[in-house]
Protein chains: 4
Amino acid sequence: MVEIQRSAQGSDERLRDAERTRAELLEIATEVFSEQGYSGARVDEIAERTRTTKRMIYYYFGGKEGLYLAVLEAAYRGIRETEQALRADDLAPVDALRRIAEMTFDHHHDHPAFIRIVSVENIHHGQHLGKVESLRDLGTPAASLLDDVLARGRGTGELRDDVDALDVHMLISSYCVFQVANSATFGFLFGRDMLAPDVRARHRRILGDIVVGWLTTS
Amino acid sequence: MVEIQRSAQGSDERLRDAERTRAELLEIATEVFSEQGYSGARVDEIAERTRTTKRMIYYYFGGKEGLYLAVLEAAYRGIRETEQALRADDLAPVDALRRIAEMTFDHHHDHPAFIRIVSVENIHHGQHLGKVESLRDLGTPAASLLDDVLARGRGTGELRDDVDALDVHMLISSYCVFQVANSATFGFLFGRDMLAPDVRARHRRILGDIVVGWLTTS
Amino acid sequence: MVEIQRSAQGSDERLRDAERTRAELLEIATEVFSEQGYSGARVDEIAERTRTTKRMIYYYFGGKEGLYLAVLEAAYRGIRETEQALRADDLAPVDALRRIAEMTFDHHHDHPAFIRIVSVENIHHGQHLGKVESLRDLGTPAASLLDDVLARGRGTGELRDDVDALDVHMLISSYCVFQVANSATFGFLFGRDMLAPDVRARHRRILGDIVVGWLTTS
Amino acid sequence: MVEIQRSAQGSDERLRDAERTRAELLEIATEVFSEQGYSGARVDEIAERTRTTKRMIYYYFGGKEGLYLAVLEAAYRGIRETEQALRADDLAPVDALRRIAEMTFDHHHDHPAFIRIVSVENIHHGQHLGKVESLRDLGTPAASLLDDVLARGRGTGELRDDVDALDVHMLISSYCVFQVANSATFGFLFGRDMLAPDVRARHRRILGDIVVGWLTTS
DNA sequence: TATGAATGAGATTTCATTCAT
DNA sequence: AATGAATGAAATCTCATTCAT
């Protein structure tokens with residue numbers, strides 16, 4: 001019985017190792033793809049920064065593109081989870097808005113790899129995104145949260161009613177994405193490092209001001 | 001003398017051809033780099049879409065990177081010229097602001113290749129940008145134009161005084177860049193095509209509203 | 001005793017399973033090797049089309065080559081059995097000849113996988129055939145049957161005597177093998193599908209005519 | 001002027017070299033593919049047996065399959081030329097028939113690589129053949145030559161009229177192809193080396209006898 | 001008897017670049 | 001000013017096989 005138990009554990013361990021191998025590849029790949037882009041990333045480099053070998057990429061993901069798709073999926077799944085965790089029903093509409101803006105801002109700053117992967121995917125015209133079944137209607141959560149807040153605010157007359165959730169989401173997204181995705185060129189051209197803590201704090205506040213200001217204008 | 005004249009003409013023609021070859025390579029390269037990224041672009045493809053051969057890329061630009069740097073420079077020179085042409089002294093501060101926002105918006109929509117090149121460059125951490133001498137202080141014009149308007153507006157009390165030109169520029173840029181740079185993923189996830197004429201018109205108006213609204217709040 | 005009986009049954013079942021696994025591998029392997037050739041066949045594909053796993057190929061056959069050798073042996077054993085079942089003593093020599101030709105013809109048409117395996121083996125210069133001990137003198141039955149018929153026919157003066165059994169066997173074989181082994185290219189080049197029922201019937205008759213005609217010429 | 005002439009020669013030489021490189025690759029590839037099959041052939045091996053490098057295979061043929069297609073095309077073009085060179089109008093129908101049979105027989109024996117390539121292609125179900133545009137209606141010459149002879153023979157009553165050119169061509173082809181394509185297994189099983197000169201001569205005569213005998217039977 | 005994970009060696013293919021004229 | 005041929009280095013991918021249980 002000890003025998004059996006041991007071998008059962010062994011099997012579990014192997015399975016856990018398999019999962020770990022897969023996860024490790026995914027993690028490093030996310031890093032490398034986000035740093036070098038799809039074509040710039042090297043399968044060899046990804047493997048080397050791992051405990052396993054290049055061969056495993058093909059074993060688990062079928063190839064470079066498969067790995068990239070998995071990275072894409074994991075990245076988007078990550079943001080979806082964050083969004084779903086974001087609750088704002090307990091706040092007054094105006095506060096909720098600022099809260100959503102700030103949380104989104106923080107999420108972008110804290111997950112630069114994800115933002116960069118999105119940039120990479122856009123360079124490739126989103127051609128891979130469509131191949132990932134599980135990413136079909138991923139947009140909904142973010143929009144519906146804002147929808148609720150806007151609806152509540154419109155009811156009380158606090159928020160204007162000629163703007164929809166997607167308009168707001170786009171404003172927030174564009175502002176937040178830019179911080180991370182364009183920090184290199186913006187920093188170079190204007191000498192302002194958007195990733196520096198004080199600048200970040202300022203921009204965070206400004207975004208809140210802008211969003212609230214815009215939606216509370218009659 | 002006939003001899004000489006002929007050979008002079010020949011030389012002129014050759015020079016003109018040379019200039020044309022260079023220009024054609026630059027044009028196609030801008031397209032290809034903006035469509036496929038730096039690593040994704042193929043020297044072979046660029047050459048094939050040209051009337052010349054691959055060898056000329058090495059002849060004129062020294063290599064793939066040299067060509068990319070030239071593309072980068074040309075692209076930024078283009079935007080600088082547009083910005084310098086933008087005049088707003090004849091308008092009241094608030095109108096000038098809206099005007100700047102809308103012109104910038106249009107410029108981005110009308111020059112997607114440039115926006116995409118900037119994305120590409122950011123993917124590569126702006127590592128090439130620094131190598132182009134002529135792009136040193138390119139940021140100034142855009143900022144100084146806004147600076148003037150803000151100064152005028154602050155004087156009359158029309159515009160708030162706790163926001164600087166760079167803050168405004170960043171808001172406008174982020175909003176405009178997003179339209180073009182992220183249209184693929186945004187369109188896929190939310191089903192809104194930011195490049196469609198009606199959506200574009202709506203976003204254009206919204207951007208003006210946001211900028212003006214933000215800066216006229218006390 | 002119940003214990004023992006149970007374990008005996010268990011063992012039988014296991015053996016039967018083992019036999020079944022082996023047989024299944026062999027069957028699928030025959031198919032795959034005959035469809036893709038030796039080098040073209042993939043161990044992975046064979047395993048996938050089976051209820052077992054790739055590992056079993058190594059367990060039962062030692063490897064890809066061992067599996068191929070087993071396929072080769074089984075295929076040739078099949079034809080030998082067919083040939084041995086072919087009886088012609090009860091027919092007049094001329095009828096027997098036609099009968100042998102037609103039976104052989106049918107056998108080839110009905111066992112394309114075998115014919116294709118022979119082609120594959122010839123592509124590889126018969127290098128594996130020599131390794132299968134049990135295939136040593138496999139040729140004899142076919143030849144000796146013809147030998148008998150020819151001997152009988154020569155005795156009565158019905159059949160010519162300057163042709164030996166192997167000459168006849170080669171004619172029949174070449175004609176029959178071609179039907180199956182070269183149907184793709186012949187069909188492509190001449191637009192005649194040798195596997196179509198009516199063409200097959202015509203060729204069958206023609207073969208009989210040729211063989212009989214040839215051997216009855218003085 | 002000497003300058004010019006020299007450089008013209010140089011250019012010619014380069015061109016000739018290019019042609020030579022291509023031709024050499026094609027020649028070695030024909031050998032290797034015919035010896036090892038499509039999947040069994042190694043691009044590396046082909047290159048190594050050449051004065052150039054593996055890279056050139058991709059430069060000239062685009063890849064392994066492109067090279068194989070070129071081999072296929074060259075091989076079939078070779079046989080077509082041989083067939084077109086074969087003239088038989090000056091012979092009496094019966095003699096012409098024997099002549100065609102014997103010439104075809106010799107051609108097969110003298111071009112084993114071609115026969116083997118055809119076998120290889122059949123193993124792959126002729127899937128590549130269809131991709132070579134220039135091989136569309138290649139069959140015609142062989143058939144039309146026989147057609148003429150048969151027509152002449154039927155007119156004089158020397159040859160039977162219920163057999164068409166394709167029937168005859170198939171008989172001849174199958175007999176000849178078998179000699180080369182199946183010599184390994186046939187030799188192994190029956191101990192008769194079909195490629196040995198004396199056996200070859202015997203089979204050559206026999207084929208003539210069979211063809212003539214068949215077609216002159218009323 | 002059976003199996004999922006792993007792997008090394010080698011195969012094919014790609015790519016920016018240089019050579020020779 | 002221009003060019004076709006050539007290329008080395010490296011990238012991606014494949015395949016039969018073995019490990020550990």
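Chain A is the first sequence line, chain B the second, and so forth, proteins listed ahead of strands; every chain is numbered from 1.
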> How many Å lie between CZ on Arg22(D) and P on dG4(F), as a whole number?
Replying inline: 17 Å
> Whole Å only: how far is the CD atom of Glu19(A) from the P atom of dA6(E)?
Replying inline: 10 Å
>> For dA6(E) and Thr52(A) - does any side-chain N or O of the residue sit under 4.0 Å from the phosphate oxygens OP1/OP2?
In response: no
> Rounded to the nearest Å, what distance is computed from the CZ atom of residue Arg20(C) to the C1' atom of nucleotide dA2(E)?
Replying inline: 14 Å
>> Measure CG/Leu25(D) against C1'/dA6(F) and give the value in whole Å, please.
In response: 12 Å
> When you match Thr53(A) and Arg42(B) each to their closest nucleotide on DNA chain E, which lands nearer the 5' end?
Replying inline: Thr53(A)
> So which one's nearest nucleotide on DNA chain F is more toward 5', Ala41(C) or Val43(A)?
Replying inline: Val43(A)
> Below 4.0 angstrom from OP1 or OP2 of dT14(F), is there any side-chain N or O of Tyr58(A)?
Replying inline: no
> Within the structure, does a side-chain N or O atom of Tyr59(B) lie under 4.0 Å from either OP1 or OP2 of dA1(F)?
Replying inline: yes
> Tell me, do Lys54(B) and Asp44(B) make a side-chain contact under 4.5 Å, heavy atoms counted?
Replying inline: yes
> For Leu67(B) and dT17(E), what is the distance between atoms CG and C1' respectively, to the nearest whole Å?
Replying inline: 14 Å
> Any salt bridge (Lys or Arg N to Asp or Glu O under 4.0 Å) pairs touching residues 119-130 of chain C, not counting sequence neighbours?
Replying inline: none
>> Between P on dA6(F) and NZ on Lys54(B), what's the gap in Å once rounded to a whole number?
In response: 13 Å
> So which one's nearest nucleotide on DNA chain E is more toward 5', Ser39(D) or Ser39(B)?
Replying inline: Ser39(D)
>> Between C1' on dA6(F) and CZ on Arg55(B), what's the gap in Å once rounded to a whole number?
In response: 13 Å
> For the pair made of CZ in Arg51(C) and P in dT3(E), what is the distance, rounded to whole Å?
Replying inline: 11 Å
> Taking for each residue the nucleotide of DNA chain F with the nearest heavy atom, is it Met56(B) or Tyr60(D) whose nucleotide lies nearer the 5' end?
Replying inline: Met56(B)
> Would you find a donor on one side and an acceptor on the other, under 3.5 Å apart, between the side chain of Asn122(B) and the backbone of Thr185(A)?
Replying inline: yes
>> Once rounded to the nearest 0.5 Å, what's the spacing between atom CG of Leu72(B) and atom CD1 of Ile117(B)?
In response: 7.0 Å
> Side chain of Asp44(C): nearest nucleotide among dT17(E), dA16(F), dA20(F)?
Replying inline: dA16(F)
> Would a distance-only check, ignoring hydrogens and angles, find a side-chain to backbone donor-acceptor pair under 3.5 Å from Arg42(A) to Ser39(A)?
Replying inline: yes
> Which whole number of Å gives the distance between the C1' atom of dA20(F) and that of dT1(E)?
Replying inline: 16 Å
> Taking the side chain of Lys64(D) as heavy atoms from C-beta outward, which of dT7(F), dA20(F), dT13(E) is closest to it?
Replying inline: dT13(E)
Just list the side-chain donor-acceptor pairs under 3.5 Å for residues 29-37 of chain C, sequence neighbours left out, or say none.
| from | atom 1 | to | atom 2 | distance (Å) |
| --- | --- | --- | --- | --- |
| Thr30(C) | OG1 | Leu26(C) | O | 2.7 |
| Glu31(C) | OE1 | Arg49(C) | NH2 | 2.4 |
| Ser34(C) | OG | Thr30(C) | O | 3.3 |
| Ser34(C) | OG | Glu31(C) | O | 3.0 |
| Glu35(C) | OE1 | His125(D) | NE2 | 3.0 |
| Gln36(C) | NE2 | Glu45(C) | OE1 | 2.6 |
| Gln36(C) | NE2 | Glu45(C) | OE2 | 3.4 |

> Are the side chains of Tyr76(D) and Val118(D) in touch, meaning some heavy atoms are under 4.5 Å apart?
Replying inline: yes
> Sub-3.5 Å donor-acceptor pair from the side chain of Lys64(A) to the main-chain atoms of Tyr38(A), do we have one?
Replying inline: yes
> Got a minute to check which stems DNA chain F is part of, using Watson-Crick or G-U wobble pairs under 3.5 Å, three or more consecutive?
Replying inline: E:2-21 with F:2-21
